[in-house]
Amino acid sequence: MESDSFELRLSRAFYGRDTVTVARALLGQRLVRVTAGQRLSGLICETEAYRGADDEASHAFRRTPRSAIMFGPPGVAYVYFIYGNHFCLNTVTEDAGCPGAVLIRGIAPQEGLAFMRGQRPGVADVRLADGPGKLCRALNITVALNGADLITDPALFIETGEPVAEHEITAWPRIGVRGGAETRERPWRFVWSRAT
DNA sequence: CTCTCGATGCGCT
DNA sequence: GCGCATCGAGAGA
């Protein structure tokens with residue numbers, strides 16, 4: 001898997017499905033970042049689904065210049081800047097015209113540990129990328145990668161990882177969402193228990 | 001133009 | 001557990 005890993009990449013059809021389905025299916029897959037001439041990777045162990053007009057917590061609840069990318073074709077990276085300090089990485093889902101994205105909230109680091117430690121000095125290995133902002137810092141992901149096509153981009157993509165059994169997945173309410181009770185209580189945060 | 005506040009993380013208590 | 005840094009997107013005027 002070292003050199004050309006194109007055949008291992010998840011297909012556009014993988015992303016072009018129901019957002020909640022994709023959020024679950026992304027658990028166990030391998031997020032890969034190529035930067036400074038080296039491969040960094042980790043298995044996705046936590047995700048959240050964000051939909052469209054039916055999801056008050058989603059950026060795509062309203063169509064704005066920033067959220068327009070969520071209305072576009074699937075398999076594209078949506079990276080945004082938050083709290084003045086952090087970036088968050090999402091993958092666009094659903095067919096073009098139907099908004100949706102999955103927030104990647106955590107990975108279990110596999111390749112490039114030395115680089116990640118350099119990005120986050122003093123942090124224990126298991127915590128290098130266990131939050132949405134943390135993983136972007138560890139993998140050097142910024143808004144420069146907003147719009148990157150995960151099917152073709154050499155610097156950012158997702159490969160088939162390890163199979164995840166249904167009983168290893170737990171669903172929880174999403175973190176930090178405001179809005180009505182129904183919005184807050186939706187169990188659209190998925191955690192791969194085996195990885196943590 | 002101005003104001004509010006966030007799909008967070010870190011440091012301190 | 002709690003406060004705060006830090007700044008751009010989005011909304012209202």
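Order of the sequence lines fixes the chain letters, A, B, ..., with proteins taken first and strands second; residue numbering starts at 1 for each chain.
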**Request:** Kindly indicate whether a cation-pi arrangement holds for A/R17 with A/F14, taking the cut-offs as under 6.0 Å to the six-membered ring centre and within 45° of the axis.
**Result:** yes
**Asked** Honestly, is A/R66 close enough over A/F81, meaning NZ or CZ under 6.0 Å from the six-membered ring centre and within 45° of the axis?
**Response** no
**Message:** What range of DNA chain B does chain A touch, first nucleotide to last, counting atoms under 4.0 Å from its heavy atoms?
**Reply:** B/dG6 to B/dC10
Watson-Crick or G-U wobble partner for [N], using a 3.5 Å limit on both distances?
| N | result |
| --- | --- |
| C/dA11 | B/dT2 |
| B/dA7 | none |
| C/dT6 | none |

**Message:** Counting only side-chain nitrogens and oxygens, does A/T64 get under 4.0 Å of the OP1 or OP2 atom of C/dA9?
**Reply:** no
**Prompt:** If each of A/R120 and A/G176 is mapped to the nucleotide of DNA chain B with the nearest heavy atom, which maps nearer the 5' terminus, i.e. the 5' end?
**Reply:** A/G176
**Request:** Inspect the contact between A/E46 and A/R174 and indicate whether a charged nitrogen and a carboxylate oxygen are less than 4.0 angstrom apart.
**Result:** no
**Request:** Go through the side-chain N and O atoms of A/S58 and A/D55 and say whether any donor and acceptor fall under 3.5 Å apart.
**Result:** no
**Request:** Verify whether one side chain among A/E94 and A/T19 offers a donor that lies under 3.5 Å from an acceptor in the other.
**Result:** yes
Rounded distance in Å - [atom1] ([X]) to [atom2] ([N]):
| X | N | atom1 | atom2 | result |
| --- | --- | --- | --- | --- |
| A/Y83 | C/dG3 | OH | C1' | 14 Å |
| A/N85 | C/dC7 | CG | C1' | 8 Å |
| A/F61 | C/dA9 | CZ | C1' | 17 Å |
| A/N146 | C/dA9 | CG | P | 11 Å |

Counting the atoms with a prime plus P, OP1 and OP2 as sugar-phosphate, which does [X] contact under 4.0 Å by heavy atoms, base, sugar-phosphate, or nothing?
| X | value |
| --- | --- |
| A/R137 | nothing |
| A/R174 | nothing |
| A/F81 | sugar-phosphate |

**Item:** Atom C1', compared across C/dG3 and B/dC5: separation rounded to whole Å
**Value:** 16 Å
**Request:** For atom CZ of A/R127, decide whether the heavy atoms of other residues, nucleotides or ligands shown that lie under 6.0 angstrom number more than 12.
**Result:** no
**Message:** What's the closest nucleotide to the side chain of A/P65 if the choices are C/dG8, C/dG10, C/dA11?
**Reply:** C/dG10
**Request:** Could you tell me if the ring centre of A/Y50 sits under 6.0 Å from that of A/H59?
**Result:** no
